[in-house]
There are 2 protein chains.
Amino acid sequence: MPENLAYAELIAVLVAVTDNEPRVMTIGAGEALPSGPFETSHRSLQSGLRAWIESQTGHPVGYLEQLYTFADRDRATEAASAAPHTRHISIGYLGLVREQAALGAGRPEWHSWYEYFPWEDHRERRPELLNHITERLLVWAGEDVTRRQRVEFLFGLNGLLWNEDLVLQRYEMIYEAQLEKEPGFGRQMAGDHRRILATGITRLRAKIKYYPVVFELMPDSFTLLDLQRMTEALAGLRLHKSNFRRQVDQQNLIEETGEMSSETGGRPAKLFRYRPAILEASALSGARLPYSRH
Amino acid sequence: MPENLAYAELIAVLVAVTDNEPRVMTIGAGEALPSGPFETSHRSLQSGLRAWIESQTGHPVGYLEQLYTFADRDRATEAASAAPHTRHISIGYLGLVREQAALGAGRPEWHSWYEYFPWEDHRERRPELLNHITERLLVWAGEDVTRRQRVEFLFGLNGLLWNEDLVLQRYEMIYEAQLEKEPGFGRQMAGDHRRILATGITRLRAKIKYYPVVFELMPDSFTLLDLQRMTEALAGLRLHKSNFRRQVDQQNLIEETGEMSSETGGRPAKLFRYRPAILEASALSGARLPYSRH
DNA sequence: TGACATAAACTCACATCGAGAATAAGTCAT
DNA sequence: ATGACTTATTCTCGATGTGAGTTTATGTCA
């Protein structure tokens with residue numbers, strides 16, 4: 001069954017956050033995501049990839065999750081695939097590492113993910129360039145009402161709220177409108193790597209809401225504001241301080257270390273640490289069905 | 001780069017609901033999930049699979065979503081893979097079809113998914129066999145406190161609530177305890193197909209909470225109780241009637257057809273239809289961050 | 001000593017949710 | 001026609017959660 005044979009590779013969206021900036025590991029001067037061969041010597045994709053990443057970054061991967069398997073013919077990476085009728089499969093992974101390191105065999109470079117998606121950072125303000133982007137998209141939409149509504153929904157126009165989770169959908173619309181290579185539409189990447197990165201950001205932004213993955217990016221001890229800044233960096237949004245704190249301690253996932261921080265001006269803050277112990281029992285909020293508990 | 005070559009196939013978890021019973025399409029007398037070759041003639045995996053399924057079932061696939069790519073060496077399907085050092089990749093998909101059909105080239109059979117996971121149906125009551133299952137698991141856990149807590153959490157012991165979303169985690173624990181082939185632990189499937197099915201159920205149960213996929217399984221017009229029974233069949237739980245109705249019309253996804261149903265005894269019910277129009281704008285509940293909207 | 005900055009606790013109006021009661025409108029046996 | 005029964009549909013009520021902002025505490029620095 002030779003038609004079942006395919007070239008398979010792993011692609012990693014590796015994220016670290018330093019100086020409140022979420023960064024992604026790249027190769028080729030920021031032009032591509034790191035990808036590796038599909039090792040046959042490991043028990044699973046996961047463990048093979050983990051070993052490979054650790055050799056590249058010099059740091060352990062705290063969290064690793066499969067993203068999506070890409071194989072669309074028209075959006076495949078141009079590389080490899082000498083034989084014309086052989087398919088090319090990329091299995092994407094999302095990984096979180098605690099520190100950004102210039103160590104490791106591959107001399108990895110890290111770039112802020114907002115270089116590739118500058119319209120996704122709303123921490124300071126709604127980015128100026130969104131005006132230009134939505135203008136171009138509305139021209140593209142033309143008279144098509146469904147398309148116009150979708151632009152309004154995705155980009156929070158006409159009083160609709162900006163939804164930080166829709167990274168991939170926004171990029172796909174820009175791609176569909178063939179604007180992704182225009183100036184003002186962010187830095188490009190090889191092949192479909194920018195789309196894979198968008199998939200990773202989307203997944204991470206959704207995940208931090210119902211699963212305590214943020215802690216994989218935090219140092220051993222941290223203040224509540226540190227934790228808030230981390231979440232804000234990922235979400236690309238400012239959060240409400242006291243409500244953030246309330247939510248955090250309702251979840252019961254952290255405990256005081258007893259130490260205080262001697263930080264930037266102001267009253268010293270208590271230091272906390274993550275306690276993964278009960279982790280699962282908390283199982284957190286999330287959407288619910290109208291249960292009937294008798 | 002021959003080490004990058006792999007056998008790739010698609011595996012489908014195809015779900016239909018009839019008579020309030022969620023059913024999954026199988027081959028080989030219920031022993032396996034349908035799987036197909038990895039067609040090179042289509043634009044994407046998705047469209048190739050869609051065409052293939054429609055030829056098999058004789059019905060269009062309403063909804064299709066990629067689940068996971070499986071490639072663990074130790075849990076691979078025994079089949080195929082003549083060459084020893086070639087990897088075997090299965091890309092799993094979840095598909096929803098409105099009707100269960102015995103038509104189509106493959107003469108598909110449909111089986112209730114609760115045959116494979118009998119402990120997952122809590123609509124009538126907590127299944128008796130859970131007592132036996134948790135007993136065996138607690139023996140397996142022994143003195144290991146973490147394991148015991150995990151059993152209690154996954155199976156809702158000691159006052160903890162049963163969480164219908166944890167289908168995969170429960171199956172994985174049973175697998176880890178090597179109980180998956182014991183009598184009373186559900187019907188088996190070839191290779192890792194039962195695990196893939198568990199992945200599909202898990203995904204679907206989670207998804208109905210924040211995205212209106214149920215309607216892909218509903219007929220054109222239906223009563224609110226029909227909709228509730230459908231949701232209950234998937235979730236394996238009874239829901240609270242009036243609260244279910246309240247939630248549904250808050251979401252604003254259905255409208256009255258104007259007709260009434262002449263159904264089973266009792267007051268006639270209004271008929272409704274799904275209106276996918278604004279679909280996305282509703283974007284529904286889900287977990288939230290403590291936003292700050294100025 | 002006082003201006004400034006951040007931490008931490010608290011308040012309050014309002015929306016959402018679990019639970020169940022009350023009322024409406026059919027069918028069916030007598 | 002009447003009453004038992006069944007399901008539909010609407011309301012009510014208390015508990016809990018959420019957005020928004022105020023108040024008080026405790027440090028640094030000019």
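Lettering of chains follows the sequences in order, A, B, ..., and the numbering in each one begins at 1.
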Figure out the [atom1]/[atom2] separation between [X] and [N], and round it to whole Å.
X        : N      : atom1 : atom2 : answer
A/Tyr291 : C/dC17 : OH    : P     : 12 Å
A/Asp249 : D/dT18 : CG    : P     : 13 Å
A/Phe244 : D/dT18 : CZ    : P     : 14 Å
A/Lys241 : D/dT23 : NZ    : P     : 17 Å
B/Leu227 : D/dT9  : CG    : P     : 13 Å
B/Gln251 : C/dC17 : CD    : C1'   : 14 Å
B/Arg238 : C/dG18 : CZ    : P     : 17 Å
B/His240 : D/dC11 : NE2   : P     : 16 Å

Most 5' of B/Phe272 and B/Arg246 on DNA chain D, judged by nearest nucleotide: B/Phe272
Would you mind telling me which residue lines up with the more 5' stretch of DNA chain D, A/Gln247 or B/Leu224, judged by nearest nucleotide? B/Leu224
Kindly point out which of [options] is positioned nearest to the side chain of [X]?
X        : options               : result
A/Gln250 : C/dT6, D/dT18, D/dT10 : D/dT18
A/Asn243 : C/dA8, D/dA8, D/dA20  : D/dA20
B/Pro268 : D/dT9, C/dA7, C/dA25  : C/dA25
A/Leu225 : C/dT6, D/dC11, C/dA8  : C/dT6

Any side-chain N or O of A/Arg245 under 4.0 Å from OP1/OP2 of C/dA8?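 For C/dA8, OP1/OP2 do have a side-chain N/O of A/Arg245 under 4.0 Å.
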Under 4.0 Å between a side-chain nitrogen and a carboxylate oxygen: does that hold for [X] and [Y]?
X        : Y        : result
A/Arg205 : A/Glu120 : yes
A/Arg123 : A/Glu21  : yes
B/Glu259 : B/Lys270 : no
B/Arg195 : B/Glu172 : yes

Taking the side chain as every heavy atom from C-beta outward, state whether B/Gln169 and B/Met173 have any atom pair closer than 4.5 Å. no
Using a heavy-atom cut-off of 4.0 Å across all strands, would you classify A/Thr223 as base, sugar-phosphate, or nothing? nothing
Go through the N and O atoms of the side chain of B/Arg267 and the base of C/dA25, and report whether any donor-acceptor pair is under 3.5 Å. no
With nearest nucleotide decided by heavy atoms, which residue, A/Leu289 or A/Met260, maps closer to the 5′ end of DNA chain C? A/Met260
